[in-house]
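Down below is the structure, laid out as structure tokens.
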Amino acid sequence: AQRVTQPEKLLSVFKGAPVELKCNYSYSGSPELFWYVQYSRQRLQLLLRHISRESIKGFTADLNKGETSFHLKKPFAQEEDSAMYYCASFDNNDMRFGAGTRLTVKP
Amino acid sequence: GAGVSQSPSNKVTEKGKDVELRCDPISGHTALYWYRQRLGQGLEFLIYFQGNSAPDKSGLPSDRFSAERTGESVSTLTIQRTQQEDSAVYLCASSFPPGPQQFFGPGTRLTVL
């Protein structure tokens, strides 16, 4: 079965510092990988997907099939990036979310 | 409406009582998903509806949980004989076409005393 692991429940960085939220997946096929974000008092929403290879709000994520990872990165964190981040995998209508990482960006 | 809506936003109930949670998906979205989020844990898939097809109930944790959807509209998640471990935020999401780009509702926070 698919599994998505986010090893860090909490991550705290200072404004302007680089940030990396880790995500590892275990799946024998070729799932699509995603990052979802939930800002305070807002709904969970899609941040980015690996197939689009885009940068959203300065965040990027590269799928590394060898390491089965899909880490989310941003070179210079901003206070407004503070939120809950969920990594997710999707294959054949089976959507799996990780436990989430709460990112706090301190001034 | 502009987005997925859920009601109630909060529900406190006593152990053993039945509860019904409602989800109104975005109009035209054929796929509807229910998830459960326990404190400190990730989103746990419960059930998936797609159009008039038989729902995927593989995530329902026990036979106390059931869900219905009328056509491509409202869905209700029913939990019978609630237990304290049912306390969680229940999230609904919809999409079109079915897939991972899902639009989430605000959730219903269920507390079982």
Side-chain angles (χ1 to χ4, degrees), chain A residues 1-11 21-27 29-54 56 61 63 70 72 83-103, chain B residues 1-7 9-10 23-26 29-61 67 69 88-109:
Chain A
Q2 291 190 76
R3 180 183 291 180
V4 177
T5 304
Q6 293 180 251
E8 304 144 325
K9 285 196 171 182
L10 301 171
L11 184 62
L21 291 89
K22 292 184 169 51
C23 172
N24 289 88
Y25 66 94
S26 61
Y27 189 66
S30 297
E32 290 185 67
L33 276 297
F34 302 83
W35 278 97
Y36 275 77
V37 61
Q38 188 168 27
Y39 300 103
S40 178
R41 289 184 287 278
Q42 293 188 29
R43 302 179 184 200
L44 191 62
Q45 59 186 289
L46 180 66
L47 179 62
L48 56 79
R49 54 197 305 177
H50 88 269
I51 60 172
S52 59
R53 302 184 65 81
E54 58 197 345
I56 302 294
L63 179 62
F70 189 56
L72 183 68
M84 194 74 178
Y85 291 81
Y86 293 94
C87 183
S89 70
F90 181 84
D91 183 79
N92 195 27
N93 290 328
D94 188 7
M95 187 82 168
R96 300 281 170 161
F97 286 86
T101 297
R102 181 170 297 282
L103 173 65
Chain B
V4 178
S5 60
Q6 293 184 244
S7 62
S9 55
N10 278 285
C23 172
D24 281 273
I26 293 173
H29 280 194
T30 57
L32 187 148
Y33 307 78
W34 282 98
Y35 297 91
R36 177 171 70 176
Q37 185 177 30
R38 288 170 160 160
L39 186 65
Q41 300 185 25
L43 277 71
E44 176 186 0
F45 165 75
L46 296 178
I47 188 169
Y48 158 62
F49 295 91
Q50 166 52 25
N52 294 318
S53 302
D56 176 356
K57 304 180 181 180
S58 60
L60 293 179
R69 187 183 186 194
V89 175
Y90 289 83
L91 289 169
C92 174
S94 71
S95 70
F96 180 79
Q101 189 160 350
Q102 299 174 12
F103 294 83
F104 282 81
T108 294
R109 182 177 297 279

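Letters go in sequence order (proteins before strands), and every chain restarts at 1.
Using a 4.5 Å cut-off between heavy atoms, E44(B) does not touch chain A at all. F97(A) touches chain B through backbone and side chain together, each having a heavy atom under 4.5 Å away. In this structure, the portion of R49(A) lying under 4.5 Å from any heavy atom of chain B is its side chain and not its backbone. The contact between Y35(B) and chain A is made entirely by side chain atoms (from C-beta outward), counting heavy-atom distances below 4.5 Å.
How far CD of E32(A) is from CD of Q101(B): 10.0 Å, rounded to the nearest 0.5 Å. Of the inter-residue distances, the one linking Q38(A) atom CD with L43(B) atom CG reads 8.0 Å to the nearest 0.5 angstrom. Atoms OH and CD, from Y86(A) and Q37(B) in turn, are 3.5 Å apart once rounded to the nearest 0.5 Å.
R43(A) CZ: more than 12 foreign heavy atoms inside a 6.0 Å radius.
Among L46(A), L44(A), V4(A), the residue making the largest number of heavy-atom pairs under 4.5 Å with chain B is L44(A). Note on G107(B), A93(B), G105(B), S58(B): by heavy-atom pairs under 4.5 Å with chain A, the leading option is G105(B).
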